[in-house]
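The structure under discussion appears below in the form of structure tokens.
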Amino acid sequence: MATALLISAEASAAMKTLSRANCLLSVNESITYDRPLFRRVPGSAASTHHAQGVTFMNSLAVSLLIVASLYSAPSFSAQNDVDAVGKWLNERTMRAAMEDSSNGVRRSSEQGTYQVIPLSELDAPEEVKQHFRAEIALSRAGVRRVSNGEIPSQGQLISSLPRTVRSNAELRRRLPSPPSDLQRTILGAAELIGMEPSGALDGLKSTGLTRFYRVNGVGIVEFNEHNFRAPGSKVEVIAEFQNIRVNGVPAQLEQVSDDLGRSRATLEWAGENKAYSLIAIGEGDVEQKAIVLQQIAAGVKD
């Protein structure tokens with residue numbers, strides 16, 4: 001998926017570069033976490049690794065651009081495109097970090113926002129926009145085929161997931177608002193494997209929460225919620241990637257499968273105060289997974 005999100009949040013953790021195969025991303029550890037087997041790899045696709053050690057401390061608001069990775073190996077021209085995206089990502093992140101640092105308390109006290117913006121209004125050079133145009137065209141082609149091994153097996157997923165489960169009372173103390181109620185969805189009766197904080201971290205508190213479930217007939221389902229109203233947060237979503245509606249608002253649905261019978265469906269949308277994502281990975285029909293995710297999304301209550 002090639003959606004783009006720009007998230008600013010109060011950060012007291014270090015800023016580092018996260019490098020994996022097919023990914024290059026400057027990551028604020030207080031904003032995202034490393035779950036490479038399950039999550040779509042946030043970052044611009046690239047086949048090389050880059051080491052950049054830049055650190056920002058003392059609770060400054062750091063902007064993070066998330067651009068989901070490509071799912072096919074880039075050609076030479078595509079490699080140039082994603083290199084341009086990586087360069088732009090880093091430049092914008094660094095610039096925003098310095099601006100937020102200079103703004104200090106004023107910026108950190110502002111309520112967060114969520115915006116859907118046209119690609120034409122994105123603050124990016126033409127070569128970056130062209131890269132996104134190509135990804136938008138691919139995203140509209142339906143189910144995308146990916147190479148074997150890109151979608152992990154259920155065993156690989158299970159071994160990588162957290163086992164921590166916290167009570168609603170404890171989560172209310174850790175989150176800016178109560179966790180989303182999933183009891184009206186199939187996740188309410190599903191096996192909860194574990195959970196972990198996400199979003200901006202401040203000690204034991206966080207702006208988001210990720211929960212992992214085992215759902216019969218579907219596979220492993222991840223539900224993530226991020227309170228973008230938290231002071232200093234900002235989420236920008238490229239309008240052209242929105243291809244479906246959830247509860248009457250624009251959303252993005254992606255479906256991918258491989259030749260081993262594995263598939264992954266991803267659904268992202270936003271409510272009044274939170275941005276949400278659902279990811280289902282397992283064996284079988286990806287279109288059925290997509291239907292289940294839409295049913296879950298319709299039942300999420302806040």
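Note that the numbering runs from 1 along the sequence shown for the chain.
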Beyond-backbone contact of Q111 with S233, side-chain heavy atoms, under 4.5 angstrom: no
Ion pair E240/R133, N-O distance below 4.0 Å: no
Same cluster (ILVMFWY, side-chain, under 4.5 Å), L192 and L278: yes
Parallel, tilted or perpendicular: rings of Y114 and F228 (30°, 60°): tilted
Full working for side-chain contact (heavy atoms from CB on, under 4.5 Å) between I220 and R214: CA-CA 5 Å; I220 308 300; R214 193 197 316 257; 4.0 Å; yes
E126, CD: over 12 other non-hydrogen atoms inside 6.0 angstrom: yes
Minimum heavy-atom distance V246-A251, with the two atoms named: CG2-CB, 3.6 Å
Check against side-chain contact (heavy atoms from CB on, under 4.5 Å), V237 and I117: CA-CA 6 Å; V237 181; I117 61 173; over 6 Å; no
Under-4.0 Å salt bridge between R95 and D123: yes
Interatomic distance, L209 atom CG to H226 atom NE2 [nearest 0.5 angstrom]: 12.5 Å
Side-chain H-bond candidate by donor/acceptor type, S180 with D302, under 3.5 Å: yes
CD1 on I193 to OH on Y213, rounded to 0.5 Å: 10.0 Å
Approximate separation, where rounding is to 0.5 Å, of D83 CG and E127 CD: 9.5 Å
Side-chain heavy atoms of E268 within contact of E254, under 4.5 Å: no
Atom pair OG1 (T113) and CZ (R229), whose distance is rounded to the nearest 0.5 Å: 7.5 Å
Connected-component partners of V286 among ILVMFWY, side-chain separation under 4.5 Å: V143
Shortest non-hydrogen contact from P179 toward N168: CG-OD1, 3.8 Å
Chi angles and distances behind the side-chain contact (heavy atoms from CB on, under 4.5 Å) call for Q255, K289: CA-CA 9 Å; Q255 304 171 76; K289 289 180 175 62; over 6 Å; no
Pairing residues for D285 by the salt bridge (Lys or Arg N to Asp or Glu O under 4.0 Å) criterion, not counting sequence neighbours: none
T207 (side chain) donor-acceptor with A230 (main chain) under 3.5 angstrom: no
F132 and W88 aromatic ring geometry - parallel, tilted or perpendicular at 30°/60° bounds: perpendicular
Non-hydrogen side-chain atoms of R211 and E225 separated by less than 4.5 Å: yes
R264 side-chain N/O to P152 backbone N/O, donor-acceptor pair under 3.5 Å: no
Minimum heavy-atom distance I244-Q294, with the two atoms named: CD1-OE1, 3.1 Å
Side-chain touch W269/N247, heavy atoms, less than 4.5 angstrom: yes
Minimum heavy-atom distance R173-K205, with the two atoms named: O-CE, 3.6 Å
Within 6.0 angstrom of N148 CG, more than 12 heavy atoms from elsewhere: yes
salt_bridge(E135, R144) N-O dist < 4.0 Å: yes
R262-S257 side chain donor-acceptor pair, cut-off 3.5 Å: no
Any donor-acceptor N/O pair, D181 side chain to R184 backbone, under 3.5 Å: no
Step-by-step side-chain contact (heavy atoms from CB on, under 4.5 Å) determination, Q295 to T185: CA-CA 7 Å; Q295 293 172 342; T185 75; over 6 Å; no
Non-hydrogen side-chain atoms of I281 and I151 separated by less than 4.5 Å: yes
CD1-CD distance between I136 and Q242, expressed to the nearest 0.5 angstrom: 10.0 Å
Side-chain donor or acceptor of K274 paired with backbone N/O of G208 under 3.5 Å: no
Check: V256 main-chain N/O paired with S263 side-chain donor or acceptor under 3.5 Å: no
Distance-minimising heavy-atom pair for L201 and S206: CD2-CB, 3.4 Å
Check: R163 side chain, L161 main-chain N or O, donor-acceptor pair, under 3.5 Å: yes
Nearest heavy-atom neighbours spanning L122 and K129: O-CE, 3.1 Å
Spacing of Q154 atom CD and S159 atom OG [to the nearest 0.5 Å]: 11.0 Å
Same apolar cluster (I L V M F W Y, side chains within < 4.5 Å links), V165/V221: yes
